[in-house]
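Reviewing the structure listed below.
Order of the sequence lines fixes the chain letters, A, B, ..., with proteins taken first and strands second; residue numbering starts at 1 for each chain.
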Protein chains: 2
Amino acid sequence: MVKYKTTMSPDRLSLTFSALADPTRRAILARLTNGARSVTELAEPHDMSMPAISKHLRVLERSGLIERSREAQWRPCRIKAAPLKEAVDWMEQYRRHWEQSLDRLEEYLKVLQSGKPKAKGKTNERKK
Amino acid sequence: MVKYKTTMSPDRLSLTFSALADPTRRAILARLTNGARSVTELAEPHDMSMPAISKHLRVLERSGLIERSREAQWRPCRIKAAPLKEAVDWMEQYRRHWEQSLDRLEEYLKVLQSGKPKAKGKTNERKK
DNA sequence: TCTTTAATTAACCAAATGGTTAAATACAAA
DNA sequence: TTTGTATTTAACCATTTGGTTAATTAAAGA
């Protein structure tokens with residue numbers, strides 16, 4: 001039996017979401033909607049060293065959200081939003097949950113199912 | 001001047017995305033679409049200790065993706081998908097980028113703008 | 001009151017993350 | 001060939017993250 005597990009799973013969705021979980025990286029993506037940009041250009045608005053930006057770009061690249069090419073001594077980045085589609089598709093499955101009316105209905109069904117939710121307890125033992 | 005900065009910014013979007021960046025937490029959310037569940041029930045399918053699950057739930061709670069209440073000795077969790085709407089809204093701004101035809105058009109515009117992209121270089125010095 | 005069940009908290013650990021500065025690399029230009 | 005510019009790599013550091021086990025808390029039930 002293993003004592004300490006760590007291993008962050010590198011599935012596509014996790015990579016995409018964790019790439020998006022940083023405001024600097026989201027700002028970079030936003031900037032790239034106006035077209036390809038060099039690393040220096042991308043770094044300029046951020047109070048941060050070049051290597052820091054370089055690391056953010058590597059994260060974005062590994063998640064597939066940007067693509068880097070080569071043009072003389074510049075490494076222009078361009079956005080590749082495809083992984084966002086995957087992410088949005090996944091989230092769509094919860095749309096009904098964030099749409100008010102349905103939430104209310106569900107609330108009601110839950111009350112019906114659980115019977116005397118305040119009094120008897122054990123409300124959450126039903127499986128599936 | 002500060003030497004080492006770390007501070008992960010806790011804006012809503014970052015919280016949401018980083019909560020979603022873990023497969024265990026996504027699985028928990030998925031499970032909760034079938035209604036409220038106790039911590040033990042949520043833990044059951046995962047080969048992981050209770051405290052580990054407890055921590056995941058805390059992350060989900062702080063991101064606003066779940067809500068925990070109290071019922072006897074159980075702490076039933078229910079999904080609160082509202083933050084997902086915010087996240088999806090943010091992503092929608094990139095929809096045109098992941099829709100093929102537009103990508104192609106943009107590619108073409110980029111070529112036009114930059115002139116001799118192979119030969120002269122300095123392609124990426126244009127601002128805005 | 002004592003025991004059992006559900007869950008959290010505490011203390012620990014290893015790896016990942018997000019930053020730094022300094023050095024190395026790659027290409028262009030003089 | 002040397003110099004300058006763009007970028008990455010290396011080595012470091014602190015904090016965060018995701019897990020563990022052991023102890024604690026909270027309520028139910030005998």
Side-chain angles (χ1 to χ4, degrees), chain A residues 1-10 14-15 17-28 36-44 46-63 66 68-77 118-125, chain B residues 1-10 14-15 17-28 36-44 46-63 66 68-77 118-125:
Chain A
M1 205 234 268
V2 176
K3 191 141 185 196
Y4 291 108
K5 287 182 236 169
T6 297
T7 45
M8 155 64 178
S9 23
S14 299
L15 274 180
F17 284 131
S18 68
L20 295 176
D22 183 284
T24 304
R25 288 194 292 263
R26 290 199 305 276
I28 288 174
R37 288 287 179 277
S38 73
V39 179
T40 326
E41 285 176 314
L42 291 173
E44 183 255 323
H46 302 282
D47 184 23
M48 201 177 289
S49 67
M50 286 294 288
I53 297 293
S54 206
K55 282 184 176 186
H56 281 304
L57 293 176
R58 197 158 50 79
V59 171
L60 286 169
E61 186 176 43
R62 280 193 306 171
S63 76
I66 67 166
R68 283 188 281 186
S69 54
R70 179 119 227 184
E71 219 153 312
Q73 69 261 226
W74 292 274
R75 249 63 131 239
C77 302
K118 272 289 178 37
K120 261 298 2 181
K122 296 232 167 180
T123 309
N124 302 101
E125 281 191 352
Chain B
M1 205 236 267
V2 176
K3 191 144 186 194
Y4 291 106
K5 287 180 235 172
T6 298
T7 45
M8 153 68 177
S9 24
S14 298
L15 274 180
F17 284 130
S18 69
L20 296 176
D22 183 282
T24 303
R25 287 193 292 262
R26 290 198 305 277
I28 288 173
R37 288 287 181 275
S38 72
V39 179
T40 326
E41 285 175 314
L42 291 173
E44 184 256 322
H46 302 281
D47 183 22
M48 201 177 288
S49 67
M50 286 294 287
I53 296 294
S54 208
K55 283 184 176 186
H56 281 304
L57 293 177
R58 197 159 48 81
V59 171
L60 286 169
E61 187 176 42
R62 280 193 307 172
S63 77
I66 68 167
R68 283 187 282 185
S69 55
R70 180 118 226 184
E71 218 153 314
Q73 68 260 227
W74 295 274
R75 249 65 129 235
C77 302
K118 272 292 179 32
K120 262 293 12 177
K122 299 232 168 180
T123 309
N124 303 99
E125 281 190 355

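- Straight-line distance from the CZ atom of Arg62(B) to the P atom of dT8(C): 14 Å, rounded to whole Å.
- In this structure, His46(B) places its NE2 atom 14 Å from P of dG18(D), rounding to the nearest Å.
- As rounded to whole Å, 18 Å separates atom P of dA24(C) from atom CE of Met50(A).
- Atoms CZ and NZ, on Arg58(A) and Lys55(A) in that order, are 7.5 Å from each other to the nearest 0.5 Å.
- Contact check, Arg25(A) against dG18(C): a side-chain N or O comes under 4.0 Å of OP1 or OP2.
- Nearer the 5' end of DNA chain C, as judged by each residue's closest nucleotide, is the contact made by Val39(B), out of Val39(B) and Arg70(A).
- Residues of residues 51-61 of chain A having a heavy atom closer than 4.0 Å to DNA chain C, listed by number: Pro51(A), Ala52(A), Lys55(A), His56(A).
- Taking the side chain to side chain contact (heavy atoms under 4.5 Å, CB included) definition, one finds that Val39(B) meets it with Met50(B), Ile53(B), Leu57(B), Arg75(B), sequence neighbours left out.
- The side chain of Ser49(A) places no N or O atom within less than 4.0 Å of a non-bridging phosphate oxygen (OP1 or OP2) of dG19(C).
- Nearest to the side chain of Trp74(A), among dG19(D), dA6(D), dT20(C), sits dA6(D).
- How far CG of Leu20(A) is from CZ of Arg26(A): 7.5 Å, rounded to the nearest 0.5 Å.
- Atom P of nucleotide dT17(D) and atom CG of Asp22(A) are separated by 12 Å, given to the nearest angstrom.
- By the 4.5 Å heavy-atom criterion applied to side chains, His46(B) and Ile28(B) are counted as neighbours.
- Following rounding to the nearest Å, Met48(A) (CE) and dT17(C) (P) show an atom-to-atom distance of 16 Å.
- Here dA26(C) presents its P atom at 18 Å from CD of Glu71(A), a figure rounded to the nearest Å.
- Here the OG1 atom belonging to Thr24(B) is positioned 11.5 Å from the CG atom belonging to Leu42(B), to the nearest 0.5 angstrom.
- Going from atom CG of Leu42(A) over to atom P of dT8(D) covers 10 Å, rounded to whole Å.
- Look at Arg68(B) and you'll find a side-chain N or O under 4.0 angstrom from OP1 or OP2 of dT8(C).
- Counting heavy atoms from C-beta on, the side chains of Cys77(A) and Arg68(A) come closer than 4.5 Å.
- Between Leu20(A) atom CG and dG18(C) atom C1' there is a gap of 17 Å when expressed in whole angstrom units.
- For the atom pair CD1 (Ile66(A)) and CZ (Arg25(A)), the distance works out to 10.5 Å, reported to the nearest 0.5 Å.
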